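Bear in mind the structure is a predicted one, so any value in this text is a computation, not a measurement.
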Amino acid sequence: MQTFASKTEFLDAVSGQWVGLPSELSAALEAGVGEGETAVREARPGAEAGLELRLKGWVLRTEDIPVVEAIGIVGTALGAVLVPGGIAAAAVITAVSGFAALCWKAWRKGAPLSKDEIAVLGLLQVLGPMELGELQEKAVERIVGLSADGAVRALQSLTDVMLRDGQVVELVRQDASGRWRATSV
């Protein structure tokens with residue numbers, strides 16, 4: 001566990017895990033993690049939260065590192081849409097930042113996110129709502145090591161996630177048109 005005196009030091013340590021990312025993607029991911037961390041810190045614990053101990057300062061736990069790395073890997077894969085002829089860069093940067101914030105908030109609230117689940121959240125957040133077949137196709141095309149079946153398993157597990165406080169949330173949902181979308185926590 002590493003502790004930091006300021007948000008800036010904390011975010012510098014987080015972004016230090018993303019070696020080789022284009023600067024605009026790294027900045028978007030960093031902003032998203034910062035937004036997610038701030039939202040979790042400002043959230044008032046519910047009555048069911050029990051003894052909600054909070055550490056002073058900014059903390060990056062050892063168990064956070066794989067999640068930070070997975071966010072960077074997925075962000076890199078999804079950043080490929082920044083190429084000419086792709087989606088407008090500003091829209092992608094905003095979506096990547098939102099994806100990082102969503103993943104970080106869910107993780108900090110106790111959602112046990114795997115790399116495949118983070119990838120599915122990223123695909124839905126950055127590329128928008130999509131049908132299952134399209135999600136499977138994009139998963140195989142953009143995320144190294146993620147199979148179509150792995151994407152389906154990750155999607156299913158994201159529909160019913162228990163947080164640390166016992167609350168069960170949907171990180172993804174299917175709308176009336178049959179398209180899957182990421183939701184916030």
Return the [atom1] to [atom2] distance between [X] and [Y], rounded to the nearest 0.5 Å.
X: Asp12; Y: Lys7; atom1: CG; atom2: NZ; result: 12.0 Å
X: Glu30; Y: Gln17; atom1: CD; atom2: CD; result: 12.0 Å
X: Leu132; Y: Gln156; atom1: CG; atom2: CD; result: 8.5 Å
X: Glu134; Y: Leu123; atom1: CD; atom2: CG; result: 10.0 Å
X: Trp180; Y: Thr159; atom1: CH2; atom2: OG1; result: 6.0 Å
X: Arg61; Y: Gln2; atom1: CZ; atom2: CD; result: 12.5 Å

Tell me the closest heavy-atom pair linking [X] and [Y], and the distance in Å.
X: Ala148; Y: Gln136; answer: O-NE2, 3.5 Å
X: Leu146; Y: Gly150; answer: CD1-C, 3.7 Å
X: Ile118; Y: Ala70; answer: CD1-CB, 3.7 Å
X: Ala119; Y: Ile143; answer: CB-CG2, 3.9 Å
X: Leu21; Y: Gly72; answer: CD1-O, 4.0 Å
X: Val67; Y: Glu63; answer: CG2-O, 4.3 Å

Would you give me the side-chain donor-acceptor pairs under 3.5 Å for residues 99-109, sequence neighbours excluded?
| residue | atom | partner | partner atom | Å |
| --- | --- | --- | --- | --- |
| Trp104 | NE1 | Glu37 | OE1 | 2.7 |
| Trp107 | NE1 | Asp64 | OD1 | 2.7 |
| Arg108 | NE | Glu37 | OE1 | 2.8 |
| Arg108 | NH1 | Asp64 | OD2 | 2.8 |
| Arg108 | NH2 | Glu37 | OE1 | 3.4 |
| Arg108 | NH2 | Val59 | O | 2.6 |

Answer yes if [X] and [Y] sit in the same cluster of Ile, Leu, Val, Met, Phe, Trp and Tyr residues linked by side chain heavy atoms under 4.5 Å apart, and no otherwise.
X: Val120; Y: Met162; answer: no
X: Ile73; Y: Val96; answer: no
X: Leu113; Y: Leu163; answer: yes
X: Val140; Y: Leu155; answer: no

Next on the checklist: Assess, by modelled atom type and distance only, whether the side chains of Asp175 and Ser177 contain a donor and an acceptor separated by less than 3.5 Å.
Outcome noted: yes
Within the 4.5 Å heavy-atom criterion, are [X] and [Y] side-chain neighbours or not?
X: Leu127; Y: Arg142; value: yes
X: Glu117; Y: Leu171; value: no
X: Asp116; Y: Arg153; value: no
X: Val161; Y: Pro112; value: yes

Next on the checklist: Run Val68 and Leu29 through side-chain contact (heavy atoms from CB on, under 4.5 Å) and show every step you take.
Outcome noted: CA-CA 9 Å; Val68 169; Leu29 292 170; over 6 Å; no
Using only atom types and a distance under 3.5 Å, with no angle test, would you say the side chain of [X] pairs donor to acceptor with the backbone of [Y]?
X: Glu9; Y: Ala5; value: yes
X: Ser97; Y: Ile93; value: no
X: Ser157; Y: Ala154; value: yes
X: Trp58; Y: Thr8; value: no

